[in-house]
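Numbered from 1 within each chain, the chains take letters A, B, ... in sequence-line order. All of these numbers come straight from a predicted model, not from anything done at the bench.
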Amino acid sequence: MPAPRVRIAPSPTGPLHIGTARTALFNYLYARRNGGTFVLRLEDTDVARSTLAFEADILEQLHWLGITWDEGPDAAGGEDRGPFGPYRQMQRLERYAEAAARVLAEDKAYPCYCTPEELDADRKAQEAAHKPPRYVGRCANLTLEERAARETEGKRGALRFRVPAGKIRFDDLVRGEVEIDTANLGGDFVIVRSDGTPLYHFTVVVDDAAMEMTHIIRGEDHLSNTPKHILLFQALGHTVPAFAHLPLILNPDRTKMSKRKSQTAIADYRAQGFIPEALVNYLALLGWSTGTEEEILSLDELAGRFDLEHVQKGGAVFDRERLEWLNGQWIRRLDAEDLIERLQPFLEADRDAGRIDLVPSPEELRPLVPIIQERLPTLGAIGDLVGFLWIEDLSVDTVTLVPKRWDRDTTLAALRAAREAILESIGPVTFEADELEPPLRALAEARGWKAGDLFMAIRVAVTGRTATPPLFDSLVALGRERTLARLDRAIATLEGMEVPA
RNA sequence: GCCCCCAUCGUCUAGAGGCCCAGGACGCCACCCUUUCAAGGUGGAGAUCAGGGGUUCGAAUCCCCUUGGGGGCACCA
């Protein structure tokens with residue numbers, strides 16, 4: 001088998017979509033596994049909706065995921081790389097024009113002068129008659145003279161491809177044999193607009209042919225379009241590539257995943273602190289499996305195992321909980337320095353949003369790694385977890401200050417005693433977790449309090465929260481002075497509390 | 001409406017005629033660990049393999065029908 005050539009052909013009409021990312025991933029994995037070439041081509045012929053910003057997002061997020069391509073544009077607006085360029089469709093217009101001229105000359109396509117109003121009327125009539133929409137062929141048999149007459153009237157024709165009668169069958173690599181009667185294709189279809197710009201079905205095929213693609217791996221939503229593409233490949237005199245249609249990624253209601261019902265932009269997952277290792281791992285397992293029970297797999301490991309045989313046929317519901325679990329798995333596998341570095345942007349975002357007052361340095365973060373690493377489902381959860389460490393002015397209300405089974409007076413007594421214990425028995429120089437625990441446990445014992453209750457009172461007084469990393473580690477991270485200051489403040493708050501008579 | 005595709009626990013899936021009165025993972029529930037929260041460990045609930053017919057000594061696995069779901073039918077991509 002010659003080395004496969006596969007591609008991803010995103011349209012820069014929106015930010016990188018999770019479905020596009022997965023299709024890109026599957027193509028990438030297929031190329032890597034089989035010693036093939038992975039091409040990126042930008043389908044930007046929808047000038048009205050395409051933007052450079054979306055183009056930039058698509059390239060950047062793919063890079064971020066680690067999905068690299070062998071041919072294609074490197075950066076938004078940047079240079080192309082590879083022998084089949086350009087890789088932006090708007091720079092390939094002459095090629096479509098040339099191909100269009102050829103099919104026109106061979107009468108495999110013809111100019112159509114129908115107005116949008118006429119086409120609309122046709123469609124409505126068909127609908128009323130409960131018939132499938134289909135081009136009626138009004139312009140299919142115009143003579144050269146008739147065409148010339150329209151042109152003289154100043155009419156510009158769209159180019160319609162003649163759909164021959166017959167059945168198209170192809171062997172889909174994931175679905176097996178598929179057969180579709182061309183009678184169900186909706187009649188002759190437009191390949192070039194009346195303004196001269198080419199349409200999707202035409203450009204994909206012209207480019208896939210020119211770029212010598214051997215396998216077209218794409219979403220199932222293209223399955224019904226495949227006969228049109230096959231017809232076009234044949235009309236252009238090109239070998240028909242192999243097709244593999246992937247199951248769709250679904251919303252929880254099992255409809256095709258959409259922005260409206262799900263979070264679809266890769267950039268949004270990234271902004272929430274999902275890491276590429278997890279996203280790639282999760283996406284690969286959406287619709288594909290190793291056939292074994294392995295499931296934590298890196299991009300390279302995936303590339304070593306990928307095959308089309310294990311691609312699922314039915315659609316797969318996107319399960320965010322499972323993604324979060326995987327993300328946690330991958331976060332726990334990060335080494336300390338890497339985690340610290342990756343946390344930085346999230347801390348800055350928290351500071352910019354006013355959730356914390358200052359961003360800790362890597363040095364401050366380093367000792368925290370053991371207690372936070374296993375508690376982070378996402379990088380974005382950092383502020384929620386230990387943000388109390390970087391808040392200047394922590395105030396806690398009396399309601400949360402008093403533990404569930406305690407009253408104000410007990411809490412007050414406990415905090416005062418705890419403050420004393422910390423002040424007296426623990427030196428300012430070596431303020432460590434091992435040192436803090438014994439005296440406080442002894443205190444609880446002496447007063448007949450449950451250690452857990454005492455610890456909870458201190459925890460809330462000092463962090464403002466009932467769920468935190470281990471208490472003594474938290475106190476150490478906070479430091480002796482701030483620990484005492486926060487205890488003082490909590491005590492003062494409780495002293496000022498209205499006590500019902 | 002027409003065409004095409006699909007159908008195993010709530011979800012992602014293993015399973016390619018006997019190893020399956022169906023295995024794993026997420027989630028859920030217990031318990032253990034434990035100062036809270038996590039993480040981790042152990043155990044549990046959860047699928048008459050959509051339903052019905054065949055084929056076969058034997059079917060989740062093959063065939064047919066039904067039902068259900070999805071996708072596609074543009075001068076969008």
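B:rG1 and B:rC73 make up a base pair, with Watson-Crick or G-U wobble contacts both under 3.5 Å. Pair assignment for B:rU56 gives none, since no Watson-Crick or G-U wobble pairing has each distance under 3.5 Å. Taking a pair to require two hydrogen-bonding distances under 3.5 Å in either a Watson-Crick or a G-U wobble arrangement, B:rA7 pairs with B:rU67.
At a threshold of 4.0 angstrom between heavy atoms, the contacts of A:P470 include nucleobase atoms, whether or not backbone atoms are also involved. Base contact: A:R459 has a heavy atom under 4.0 Å from a base atom. Residue A:T290 is out of contact with every strand shown, counting any heavy-atom pair closer than 4.0 Å. Nucleic acid contact for A:N225: base, since at least one base atom lies under 4.0 Å from a heavy atom of the residue. Nucleic acid contact class of A:L199 (heavy atoms, under 4.0 Å, all strands): sugar-phosphate only.
Judged by atom type and distance alone, A:T255 does not reach the base of B:rG70 through any side-chain donor-acceptor pair under 3.5 Å. You won't find any donor-acceptor pair under 3.5 Å spanning the side chain of A:R465 and the base of B:rU36, going by distance alone.
Taking side-chain N and O atoms only, A:K256 has a distance below 4.0 Å to OP1 or OP2 of B:rG72.
The backbone N or O of A:I340 sits nowhere less than 3.5 Å from a side-chain atom of A:R366 that would complete a donor-acceptor pair.
Outside the 6.0 Å centre-distance limit, the rings of A:F202 and A:F189 are not counted as a close aromatic pair.
Crowding of A:E127 atom CD: a count of heavy atoms from other residues, nucleotides or ligands under 6.0 Å not exceeding 12.
Distance CE (A:M257) to P (B:rG69): 21 Å, rounded to an integer number of Å.
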